[in-house]
Amino acid sequence: MSPDFVPTCIYCKRTDVQFNREHVIPEAFGIYGSDTMVLNNNEVCRDCNSTLGRDLDQILSRDSFEGMIRANSLAQEQGAGERFSPRRAWLYVPDEQQFGVLRGARMVIDPNTRRPTLLDQILVRSQDGSLHTFLEHDFSQAAATIFHNLPPHAIRVIGLNREKVDVLMQMVRDRGITLKDRETVDPPVAILQPDIRMVTEGRIDVRTWRAVAKIAFNYLAYHAGAQYVLSGKFDPIRDFVTGRRTDHAMVQLLNSPILAHETYHWRAFEGHLVAYQDEGRTLRGKVSLYNSITYEVMLCGDLGLYYTMKQGHAFDPIQKTIITLGNLPFKVLTPTDATRFLSFFPI
């Protein structure tokens, strides 16, 4: 770094600000002792650190598919009291006979135990056999055609909160549909098993794209330096992360994993992977938290004169270690569909 360099925030490019520490990967996804990758105290201002942490990092860690994996991997004493919101990522009990009254029911991550718990909801099995799930706030918007010619017992109202269940039952009756009185039932045996393969669905919106891009940009700044990423050629990705630009084409999903010996259905590493590499005149980052969904980030559309840039690390949040991708030890591949069943769509 030039001795004449004036400390400048890599996001807002301001110099007349107070600076703060910025983790390359949000701290919620693990810390790694003295190896933790943290940007210098004169590279990200306090305002950007706070705003982007609230608007992006919290969403990624609490309201995303990656947030669900994180909740499931945290030790019992960690993260207590965090609110895991279901607005972007949803859990469902499999729509199978063995789960009885709970088949197809929507779940949410409990903020204290960080384990799935039942939401108060209305389930409607339409005439064509498809299942529709409604919470209190979205039942009023349900299309009337869903309720045409329903077979007997096609509507179930279930939940853990007696008062909220009563409200939902009244909403159904207000549509002219007859329901039996509320009753308490024992959970089916299948739902009490220690390991249940839940169905995961969700959407990846612009805030998730931006949060992922932020990790890739931080990683580049950590290795190439703040002065390098302050160049105008990185303004498009900078503007995308900060929200001044909302073109999510800056980030895309990849069907292929980051590690060369893995496949879409087989994985060996369960931690985080972050890397960047030049491709022609472009510089592209890759991010995969928990080695699950893989994102590619357009860090720079034109690097100018051709030269090689390549860096990659594996972050193990359980062992709290960071290893360069080239030194990552080989592990036995395991099928991803044995532990995850997901359907996420980008918007």
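What you see is a predicted model; the values in this text were computed from it and never measured.
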Atom [atom1] of [X]: over 12 foreign heavy atoms under 6.0 Å:
| X | atom1 | result |
| --- | --- | --- |
| D174 | CG | yes |
| R175 | CZ | yes |
| D302 | CG | yes |
| R162 | CZ | no |

Is there a donor-acceptor pair under 3.5 Å between the side chain of [X] and the backbone N or O of [Y]?
| X | Y | result |
| --- | --- | --- |
| D316 | T321 | no |
| D63 | R88 | yes |
| T282 | G280 | no |
| Q311 | H223 | no |
| T51 | C48 | no |
| S288 | I293 | yes |

- Decide yes or no on salt bridge (Lys or Arg N to Asp or Glu O under 4.0 Å) for D95 and R125, but give the supporting numbers first. CA-CA 11 Å; D95 187 12; R125 179 78 65 180; 2.8 Å; yes

If we only count heavy atoms from C-beta on, is the [X] to [Y] side-chain gap below 4.5 Å?
| X | Y | answer |
| --- | --- | --- |
| V44 | N20 | no |
| Y228 | K233 | yes |
| H23 | F29 | no |
| I59 | R62 | no |
| E296 | E279 | yes |
| P329 | I323 | yes |
| K13 | L230 | yes |
| T242 | C12 | no |

- Please work out which of the three classes, parallel, tilted or perpendicular, describes the rings of H132 and F134, given edges at 30° and 60°. parallel

Hey, any chance [X] and [Y] share a hydrophobic cluster, counting ILVMFWY side chains that come within less than 4.5 Å of each other, even indirectly?
| X | Y | value |
| --- | --- | --- |
| V297 | L253 | yes |
| V189 | I191 | no |
| L135 | I122 | no |
| V93 | V124 | no |
| L119 | M169 | no |

- Item | Check against side-chain contact (heavy atoms from CB on, under 4.5 Å), F240 and R210 | CA-CA 7 Å; F240 177 70; R210 289 170 56 202; 3.8 Å; yes

- Item | Residues K214, D57; criterion salt bridge (Lys or Arg N to Asp or Glu O under 4.0 Å); working and verdict | CA-CA 9 Å; K214 177 173 174 282; D57 295 350; 3.1 Å; yes

- Task: Start with the C-alpha distance between L328 and L259, add both sets of side-chain angles, then the distance that settles side-chain contact (heavy atoms from CB on, under 4.5 Å), and finish with yes or no.
- Result: CA-CA 10 Å; L328 191 64; L259 298 179; 3.6 Å; yes

- Check ring-ring contact (aromatic ring centres under 6.0 Å, His included) between Y11 and all other residues, then give those that pass, not counting sequence neighbours.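 Y11: ring-ring contact (aromatic ring centres under 6.0 Å, His included) contacts with F217.
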
- Hits for ring-ring contact (aromatic ring centres under 6.0 Å, His included) against F269, two or more places apart or cross-chain, chain-then-number order -> none

- Query: After noting the C-alpha distance and the side-chain angles of W90 and R106, does the key distance pass the side-chain contact (heavy atoms from CB on, under 4.5 Å) rule?
  - Reply: CA-CA 7 Å; W90 312 298; R106 186 169 164 182; 2.9 Å; yes

- Message: If I take atom CD1 from residue I25 and atom CD1 from residue I322, how far apart are they, to the nearest 0.5 angstrom?
- Response: 7.5 Å

- Note on the structure: CZ of R103 to CG of L131, rounded to nearest 0.5 Å, is 8.0 Å

- Please test V251 against I204 for side-chain contact (heavy atoms from CB on, under 4.5 Å), starting from the C-alpha separation and ending with a verdict. CA-CA 11 Å; V251 186; I204 304 172; over 6 Å; no

- Item | Residue among Y290, Y32, Y295 satisfying ring pair (Phe, Tyr, Trp, His ring centres under 6.0 Å) with H272 | Y290

- Task: Check the pair D205, R207 against salt bridge (Lys or Arg N to Asp or Glu O under 4.0 Å), reporting the backbone distance first and the verdict last.
- Result: CA-CA 6 Å; D205 65 8; R207 287 196 178 184; over 6 Å; no

- Inter- and intrachain pairs under ring-ring contact (aromatic ring centres under 6.0 Å, His included), touching residues 143-167, at least two apart: F139-F147

- Q170 and D166: side-chain donor and acceptor closer than 3.5 Å? no

- Item | Exercise: do D138 and Q141 side chains pair donor with acceptor under 3.5 Å |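 On atom types as modelled, these side chains do not qualify, holding no pair under 3.5 Å.
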
Provide the closest heavy-atom pair for [X] versus [Y] in the form atom of the first, atom of the second, distance.
| X | Y | result |
| --- | --- | --- |
| A28 | S61 | CB-CB, 3.7 Å |
| A213 | I237 | CB-CD1, 3.9 Å |
| C300 | F234 | CB-CE2, 3.6 Å |
| A314 | L273 | CB-CD2, 3.6 Å |
| P94 | R197 | CG-O, 3.1 Å |
| D120 | G159 | OD1-CA, 3.1 Å |

- Query: Out of N41, N49, N40, which residue meets the side chain to side chain donor-acceptor pair (under 3.5 Å) rule with E22?
  - Reply: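 Single pass found, and it is N49.
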
